[in-house]
There are 2 protein chains.
Amino acid sequence: MKENTGKSKYVMLGMLARMPQTGYTIKKWIENEYSHFWQESFGQIYPTLKKLVAEGLAVTSNHTQNGNGRGQIVYTITDAGRKELSDWLKEEPEIEKIRYELLLKVSFGENTEPEVLLGHLDNFIRRNDKLVKEMNGYIELCGQFKEQDIDCSYSQLTALCGAYIYSAMRDWAVEAKRIIKEKEDDK
Amino acid sequence: MKENTGKSKYVMLGMLARMPQTGYTIKKWIENEYSHFWQESFGQIYPTLKKLVAEGLAVTSNHTQNGNGRGQIVYTITDAGRKELSDWLKEEPEIEKIRYELLLKVSFGENTEPEVLLGHLDNFIRRNDKLVKEMNGYIELCGQFKEQDIDCSYSQLTALCGAYIYSAMRDWAVEAKRIIKEKEDDK
DNA sequence: ATCATAATATATCATAATGATATGTACTGT
DNA sequence: ACAGTACATATCATTATGATATATTATGAT
């Protein structure tokens, strides 16, 4: 089997479905609001955007030199693009594959001192704690918008998922520290 | 900056630190016990193993044709390899980057019917439920080994992390379903 | 006023990682 | 006898990342 552009194509379509924008703003948007479950690099974004145009899924309205930077290319989704996006949304999502370097290091723990792992876990707890707070802040913000009849329910749902994951990771790390310390005391 | 072979190198070293083995058994091991936080493909494993030998971090003891398949190459870690692994374990783990296709689809939810999302969430709940059970089974197994003085504490810790994550994901999905339905009823 | 640097914006490339496919032997069940 | 699976290595096209190059404008510091 072939015919698989990867998911980047659909991410671009999803972004353009919200509003016409440039590759740069798509990148910023993903960095700011998607980073806990998705990321895209410029090396994917720009070629994918060009492919979208070649396939008739988006069109460009070239706003050369409107003040910002060195001239921007604004992409707008077409009806065919919306159809393509909608079709993809119906497909069963692939099973996610994750790479947690911390877990890898924990699993190789016998090859280092427990203090090394405890240090990594401390940093991990701090980071996840901060992320939980960020997510909760974002969820609250969405709630406020909702009162003003601005709907961001789906963004709120993904933020809620972030809050769940980061909490779980923090709780696990706290428990992991306890178990490692207990094991040390036994010796 | 350059000089970054990626993490595969250290995964191979960590695997070989346990026992001398072939690329194939490394792959199987990662699939069976690491899949919830790491994965490697043959396209990475075999070339990386060769690099390890070139760098003096592993040696091969060529057991050509000992009965299994078409002849195997057994890799054994060297002292230099153990040093390299130990040094890497001390380094601060990189921030993980994750791609949850389901979350992406939820965040683009406005472009499809709520039923589509609810269906995806149902499958997601089922899958995560199964995984939680798998993890708990594995944790229990480790506990039994411990009574026989076989230490698999670190594997147990990573399985515990899996249990935490998968539970969190399941709980989130249940809550997400509730929120989406509630929103539908409001209309 | 000048100067550094941050932000906006596009583009490309080497490296890394995946997924698929090819090749081949040996064991297991029907 | 034959199909299917497990063992085992290898390669390649596609996909993704991270770094770097280029260029303009806005902003803050001296």
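Lettering of chains follows the sequences in order, A, B, ..., and the numbering in each one begins at 1.
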Modelled atom types, side-chain donor and acceptor of A:E33 and A:Y138, under 3.5 Å: yes
Measure from the side-chain heavy atoms of B:S8 and tell me the nearest of C:dA17, D:dT11, C:dT12. C:dA17
Atom CD of A:E101 and atom P of C:dA17 are separated, to the nearest Å, by 11 Å
Roughly, in whole Å, what's the span from NZ in A:K28 to C1' in C:dA9? 10 Å
Would you call the rings of A:H36 and A:Y166 parallel, tilted or perpendicular, where under 30° means parallel and over 60° means perpendicular? tilted
Whole-Å gap separating P (D:dT17) and CZ (A:R99): 12 Å
Among C:dT10, D:dT17, D:dT9, find the nucleotide with the atom closest to the side chain of B:Q72. D:dT9
A:Q44, nearest nucleotide to its side chain (from C:dA9, C:dA17, D:dT17): D:dT17
From the candidates C:dT18, C:dA9, D:dT9, the one with an atom nearest any side-chain atom of A:Y46 is C:dA9
Atom CD1 of A:I45 and atom C1' of C:dA11: how far apart are they, to the nearest Å? 12 Å
Could you check whether the rings of A:Y34 and B:F108 sit parallel, tilted or perpendicular, using 30° and 60° as the cut-offs? tilted
Would you classify A:G43 as touching base, sugar-phosphate or nothing, given that sugar-phosphate means primed atoms plus P, OP1 and OP2, and contacts are heavy atoms under 4.0 Å? base
On DNA chain D, nearest-nucleotide positions of A:S41 versus B:Y75: which is more 5'? B:Y75
Provide, to the nearest angstrom, the distance between the CZ atom belonging to B:F42 and the P atom belonging to D:dA6. 13 Å
Starting from P on D:dT14, measure out to NZ on A:K9 and report it in whole angstrom. 15 Å
Side-chain atoms of B:T22 come closest, of D:dT11, D:dT17, D:dA8, to D:dA8
List the steps and the verdict of side-chain contact (heavy atoms from CB on, under 4.5 Å) for B:L13 and B:I77. CA-CA 7 Å; B:L13 287 174; B:I77 195 166; 3.8 Å; yes
Between D:dA6 atom C1' and B:N32 atom CG, what is the distance in whole Å? 13 Å
For D:dA29, the Watson-Crick or wobble counterpart (both distances under 3.5 Å): C:dT2
Between C:dT18, C:dT12, C:dA9, spot the one nearest the side chain of A:Y24, thanks. C:dA9
Could you state the NZ-C1' distance from B:K97 to D:dA16, rounded to the nearest angstrom? 9 Å
Determine, stepwise, if the pair B:K7 / B:E40 fulfils salt bridge (charged side-chain N to carboxylate O under 4.0 Å, His left out). CA-CA 10 Å; B:K7 317 280 180 238; B:E40 290 287 344; over 6 Å; no
G-U wobble or Watson-Crick pairing nucleotide for C:dT8 (cut-off 3.5 Å, both distances): D:dA23
Residue pair B:P47/A:Q39 against DNA chain D: nearer the 5' end by closest nucleotide is B:P47
